[in-house]
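I have placed the structure first, in the form of structure tokens, so that the comments after it can refer back to it.
Below, chains carry the letters A, B, ... as their sequence lines are ordered, and counting in each starts from 1.
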There are 2 protein chains.
Amino acid sequence: MDIRPPLKMTRQRAVILEELRGVTTHPTADEVYEMVRKRIPRISLATVYRNLELMAREGLIQRLDVAGGPKRYDGDPGLHYHVRCVRCGRVDDVHGIPPVDLPQARLEQVTGYRLLAHRLEFRGVCPACRGAEGPGAGS
Amino acid sequence: MDIRPPLKMTRQRAVILEELRGVTTHPTADEVYEMVRKRIPRISLATVYRNLELMAREGLIQRLDVAGGPKRYDGDPGLHYHVRCVRCGRVDDVHGIPPVDLPQARLEQVTGYRLLAHRLEFRGVCPACRGAEGPGAGS
DNA sequence: ATAAGTGCAAACGTTTTGCCCTAGC
DNA sequence: GCTAGGGCAAAACGTTTGCACTTAT
């Protein structure tokens with residue numbers, strides 16, 4: 001019931017994973033492609049997409065579906081939340097915050113769903129953008 | 001600093017808003033298009049997109065960026081969370097749950113961001129899909 | 001040896017755009 | 001009458017897929 005074929009370790013797979021693990025910028029598939037291309041010039045974008053998707057399913061990495069933009073990928077598979085800057089779009093990790101405690105039983109009661117997980121994303125203004133525009137501007 | 005030109009009230013705009021307010025299904029732009037088309041057969045998909053986007057910016061409706069799928073729109077502009085069924089993809093409202101209390105000051109300290117908002121989305125199995133497949137199956 | 005994985009190019013679904021016409025204000 | 005808004009068709013965008021070849025196991 002949980003048997004899956006072991007992942008074949010190809011060079012492209014290894015490099016994709018290495019590159020992703022080496023940054024904390026949560027790149028898009030296209031950005032990963034550009035990073036990997038420096039080491040494997042003939043790699044195809046399709047391979048990058050296929051492997052990112054695959055590794056996300058395997059739990060080796062995380063796929064982030066950020067609001068209003070392409071998917072991003074996170075080399076850190078551990079549980080943590082993210083903040084997205086509403087000005088420049090960058091995504092940062094939120095460490096040091098314990099997983100929020102949700103009234104799961106009550107939620108299941110109210111919705112009728114069997115709950116599996118939740119996704120929490122913060123939005124704000126990153127340090128760089130705060131400095132650039134000053135704290136006075138509200139949208 | 002907050003002056004924006006008032007919205008011209010056109011027939012297409014009124015109908016889009018009415019239709020969206022009339023359902024709780026969080027339709028995609030294409031689904032809104034089909035709904036509106038019954039009343040304005042010559043409306044274009046582009047108009048639907050333009051107005052949904054515009055109304056979302058104005059705060060008249062909400063845009064939901066659900067993971068791994070097209071954007072959905074919610075005629076209810078008030079604050080509430082959503083649950084998405086991982087089997088069939090439908091999105092339901094979560095009412096009767098107070099906004100979760102987050103350690104905002106600490107978050108700002110840890111991240112360096114000025115926090116503006118958060119987005120919380122639940123994932124689970126909806127009543128219909130629970131019934132259809134039985135409760136024993138885990139992914 | 002055999003299946004999984006790759007590169008390439010083409011297809012796909014969603015969303016945006018440019019243009020000229022239409023209609024609110 | 002002036003300008004925002006609409007219809008249409010084409011383009012852009014991110015992503016997926018079919019196919020023949022390659023490579024890890």
Side-chain angles (χ1 to χ4, degrees), chain A residues 3-20 25-58 60-74 84 89 91, chain B residues 3-20 25-58 60-74 84 89 91:
Chain A
I3 43 143
R4 43 194 149 186
L7 282 204
K8 232 187 235 183
M9 192 37 65
T10 61
R11 176 154 161 66
Q12 16 289 77
R13 224 161 253 178
V15 171
I16 289 170
L17 194 52
E18 276 173 37
E19 290 294 327
L20 198 52
T25 52
H26 314 88
T28 63
D30 212 78
E31 286 164 354
V32 173
Y33 175 54
E34 289 306 329
M35 289 155 67
V36 172
R37 217 132 84 98
K38 292 181 182 128
R39 294 169 61 187
I40 312 179
R42 294 185 48 77
I43 198 173
S44 78
L45 182 55
T47 295
V48 173
Y49 270 104
R50 275 191 284 244
N51 284 324
L52 287 173
E53 212 50 41
L54 190 83
M55 290 171 180
R57 273 199 296 274
E58 293 292 316
L60 296 171
I61 64 175
Q62 280 190 68
R63 187 184 61 226
L64 313 180
D65 296 88
V66 244
K71 290 169 187 151
R72 293 178 172 274
Y73 296 88
D74 186 340
R84 184 172 57 90
V91 176
Chain B
I3 43 138
R4 43 193 150 189
L7 281 205
K8 227 188 241 184
M9 192 38 66
T10 62
R11 176 153 161 65
Q12 14 293 74
R13 222 160 254 177
V15 171
I16 289 170
L17 194 52
E18 275 173 38
E19 289 294 325
L20 198 52
T25 53
H26 312 90
T28 63
D30 212 78
E31 286 162 354
V32 173
Y33 176 54
E34 289 305 329
M35 289 155 66
V36 172
R37 217 132 84 99
K38 291 179 183 130
R39 294 171 60 188
I40 312 178
R42 295 184 48 76
I43 199 174
S44 80
L45 182 55
T47 294
V48 173
Y49 270 104
R50 274 191 283 242
N51 283 323
L52 287 173
E53 211 49 41
L54 190 83
M55 291 171 180
R57 272 200 296 274
E58 293 292 316
L60 296 170
I61 63 175
Q62 278 189 68
R63 186 184 63 225
L64 313 179
D65 297 86
V66 243
K71 289 169 188 151
R72 294 178 173 273
Y73 296 86
D74 187 339
R84 185 172 56 91
V91 176

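- Between C:dT16 and B:Y49, no contact under 4.0 Å exists linking OP1 or OP2 to a side-chain N or O.
- A donor-acceptor pair is defined here as one N or O able to donate and one able to accept, closer than 3.5 Å; no such pair exists between the side chain of B:R13 and the backbone of B:N51.
- Remark: side-chain polar atoms of B:E34 are not paired, donor with acceptor, to backbone N or O of B:E31 under 3.5 angstrom.
- Comparing D:dG7, C:dG7, C:dG24 by their nearest atom to the side chain of A:I43 picks out C:dG7.
- Looking at the side chain of B:P70, the nearest of the listed nucleotides C:dG7, D:dA4, C:dT14 is C:dT14.
- The separation between B:I16 atom CD1 and D:dG6 atom C1' is 10 Å, rounded to whole Å.
- Between the CZ atom of A:R42 and the P atom of D:dC21 there is a distance of 15 Å, given to the nearest Å.
- Taking 4.0 angstrom as the limit, B:T10 places none of its side-chain polar atoms (N or O) nearer than this to OP1 or OP2 of C:dA23.
- Residue contacts for A:N51: at a heavy-atom cut-off of 4.0 Å it reaches the sugar-phosphate backbone alone, with no base atom in range.
- In this structure, the CG atom of A:L52 is 14 Å from the C1' atom of D:dT16, given to the nearest Å.
- Between A:R13 and B:T28, the residue anchored nearer the 5' end of DNA chain C, judged by the nucleotide with its closest heavy atom, is A:R13.
- Atom C1' of nucleotide D:dA4 and atom CE of B:M9 are separated by 13 Å, given to the nearest angstrom.
- The CD1 atom of A:I16 lies 10.5 Å from the CZ atom of A:R39; values are rounded to the nearest 0.5 Å.
- When the C1' atom of C:dC25 is taken as reference, atom CZ of B:R11 falls 19 Å away, rounded to whole Å.
- Atom-to-atom, CZ of B:R72 to C1' of C:dT15 comes out at 16 Å; the value is rounded to the nearest Å.
- Distance A:E53 CD to C:dA4 P: 19 Å, rounded to the nearest Å.
- Side-chain proximity of A:L45 to D:dC8, D:dT15, C:dT6: nearest is D:dT15.
- Residues A:V36 and A:T47 fail the side-chain proximity criterion, which asks for heavy atoms closer than 4.5 Å.
- Here A:S44 reaches the OP1 or OP2 of C:dG7: one of its side-chain N or O atoms lies under 4.0 Å away.
- The listed nucleotides are C:dA3, C:dT6, D:dA9; the one nearest the side chain of B:A46 is D:dA9.
- One can find a donor-acceptor pair under 3.5 Å joining the base of C:dG7 and the side-chain atoms of A:R50.
- At a threshold of 4.5 Å between non-hydrogen side-chain atoms, the residues B:H26 and B:Q62 do not count as touching.
- B:E31 places its CD atom 9 Å from the P atom of C:dT14, with the value rounded to the nearest Å.
- Listed candidates were D:dG7, C:dG5, D:dT3. Nearest to the side chain of A:K8 is C:dG5.
- Closest approach to the A:Q12 side chain among C:dA3, C:dT6, D:dG5 is made by C:dT6 (side chain taken as heavy atoms from C-beta onward).
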